Amino acid sequence: MHHFVYRQGELFAEEVPVSRIAEEVGTPVYIYSAATLRRHYRVFDEAFSDLPHLVCYSVKANSNLAVLRLLAREGAGADIVSGGELFRALRAGIPPERIVFSGVGKTEREMEEALSAGILMFNVESLGELEALSRVARRLGRPAPFSIRVNPDVDPRTHPYISTGLKKNKFGLPEEVAYRAYLRAKEDPYLRPVGVDCHIGSQLTELSPFVEALRRLKGLYLRLREEGFEELRYLDLGGGLGIVYGEEEPPPPAAYAEAIKREFRDLDAVLVLEPGRVIAGNAGILVTRVLYVKTNPPSGESSEGRTFVIVDAGMNDLIRPTLYQAYHRISPVRERPGIESIRADVVGPICESGDFLARERRLPPVSPGDLLCVFSAGAYGFVMASNYNSRPRAAEVLVDGERYFVVRKREDYEDLVRLEEIPDEL
Ligand code: LLP
């Protein structure tokens with residue numbers, strides 16, 4: 001469910017015509033819907049209402065301060081993976097005691113920042129990291145609350161680049177190694193084991209991998225409790241629930257919650273969840289303008305020429321199609337019903353053949369100047385944007401009812417070179 005809907009052939013973001021934002025703010029532009037973000041958060045949170053739980057929104061999905069503030073107001077915590085994300089989460093008003101810190105490469109400086117801020121727990125991913133955390137805690141004179149991220153070796157059946165819970169992935173520790181790490185931590189007054197953690201991948205469209213991972217985690221949790229780990233309270237299942245981009249049929253949050261709750265019955269623990277995509281993905285679109293349309297002559301491969309719709313957004317703005325062969329629905333902002341479709345590649349201005357938003361896509365015929373909407377771009381969209389080809393990054397807009405706010409200005413040329421210096425000696 002989202003609030004990007006056509007009315008009389010014209011795409012609206014809540015009560016605001018998308019074309020109006022494009023005219024006033026320019027393109028490419030990311031547009032987020034506040035009502036959709038709130039709704040997604042509430043549906044997810046309420047699905048777990050009868051269980052002690054904490055929803056830690058995964059900041060990496062969309063880390064705009066206004067988005068974080070909106071979610072903070074809803075009561076969200078945060079799952080962070082860097083000092084930068086900690087900075088953003090705190091700046092947006094997310095309480096530190098609702099922040100969990102994941103990631104395989106935390107530096108001691110980042111640990112210091114997070115420990116000083118008083119976060120809920122560190123999700124530790126290696127033995128070396130646990131040692132480092134202990135050193136930092138000793139230095140600050142403040143014991144560090146932590147979970148070990150277990151790699152449950154469960155196949156999430158998703159794209160290989162976004163699967164994380166297999167032995168061959170760099171994430172977490174095997175259960176036995178994790179168990180021994182907890183025992184070792186017991187001897188250390190500066191390490192406080194408060195939970196167990198896992199995250200098996202992203203854009204999962206089946207429930208069984210979650211259930212399997214949860215069973216493993218639960219086994220370890222109970223074993224540790226029996227060993228006398230009395231401070232253990234949190235069972236963090238990570239994020240990963242998939243969304244509809246095209247034809248997928250991911251389970252709705254209620255079904256996901258039901259499956260988890262069945263496993264959780266009788267467990268004396270607080271469930272921690274780290275959803276990202278399911279909150280932000282369909283709460284955002286990317287709007288781009290058609291610059292040119294061209295058809296190359298037929299080649300050896302096909303008797304038809306290939307048509308390219310060249311738009312002003314490229315792989316630097318939205319890299320998902322290039323990186324994961326991801327499908328994003330693309331439609332004109334103004335529908336032209338009844339017109340026969342064309343088959344085209346929607347490509348950006350970047351000097352790479354991999355710079356495409358869609359390939360061999362059926363579209364209504366489009367002309368230069370038309371606006372196109374790329375759907376489901378609210379998660380892993382702007383956050384993965386770069387300045388490649390010296391392209392200033394797009395503006396971000398948040399719509400709330402009849403109003404809209406530019407929540408990140410479009411970058412300009414000066415922004416591109418702000419941190420650079422030409423040495424005088426040159
Ligand atoms: N927790 C941890 C430890 C994670 O690594 C992630 C995502 C999440 C939570 C949130 O997962 P979600 O609920 O959003 O699926 N750039 C890729 C996705 C990478 C996900 C990385 N980790 C994409 O565009 O598909």
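A quick note: this is a predicted structure, and the numbers were derived from the prediction, not measured. Every number for a ligand or one of its atoms is a count from 1 in the order of the listing.
With 3.5 Å as the limit, one finds a donor-acceptor pair spanning the side chains of Glu10 and Ser19. Between the side chains of Glu352 and Tyr388, at least one donor-acceptor pair of N or O atoms lies under 3.5 Å. Between the side chains of Ser33 and Glu14, at least one donor-acceptor pair of N or O atoms lies under 3.5 Å. Under the 3.5 Å distance criterion, with hydrogens and angles disregarded, no donor-acceptor pair is assigned to the side chains of Tyr182 and Glu227. No side-chain N or O of Ser147 forms a donor-acceptor pair with one of Asp236 less than 3.5 Å apart. Between the side chains of Asn316 and Asn389, no donor N or O sits under 3.5 Å from an acceptor N or O.
Only the side chain of Tyr324 comes within 4.0 Å of ligand 1, counting heavy atoms alone; its backbone N, CA, C and O stay farther away.
Between Asp79 and ligand 1, a contact under 3.5 Å exists for at least one N or O pair. The distance criterion of under 3.5 Å between nitrogen or oxygen atoms is not met by Gly201 with respect to ligand 1. The shortest N or O to N or O distance between Ser58 and ligand 1 is not below 3.5 Å.
Applying the 4.0 Å criterion to heavy atoms of Met384 picks out, from ligand 1, the atoms 16 (N). Close approach of ligand 1 to Ser202 is summarised as follows: ligand atoms under 4.0 Å from at least one heavy atom of the residue are 11 (O), 12 (P), 14 (O), 15 (O), 20 (C). Atoms of ligand 1 found under 4.0 Å from any heavy atom of Glu274 (numbered from 1 in listed order, with element): 1 (N), 2 (C), 3 (C), 8 (C), 9 (C), 10 (C), 13 (O). Close approach of ligand 1 to Gly276 is summarised as follows: ligand atoms under 4.0 Å from at least one heavy atom of the residue are 12 (P), 13 (O), 14 (O). Numbered from 1 in the order shown, with element, the atoms of ligand 1 that lie under 4.0 Å from a heavy atom of Arg277 read 12 (P), 13 (O), 14 (O), 18 (C), 23 (C), 25 (O). Every atom of ligand 1 is numbered from 1 in the order shown, and the set under 4.0 Å from a heavy atom of Arg149 is 3 (C).
Taking a 4.0 Å cut-off on heavy atoms, Gly240 registers as neighbouring ligand 1. At least one heavy atom of Pro275 sits closer than 4.0 Å to an atom of ligand 1.
A salt bridge is defined here as a Lys NZ or Arg NE, NH1 or NH2 lying under 4.0 Å from an Asp or Glu carboxylate O, and Glu112 with Arg142 fails to meet this definition.
For the pair Asp355 (side chain) and Gly314 (backbone), a donor-acceptor distance under 3.5 Å is absent.
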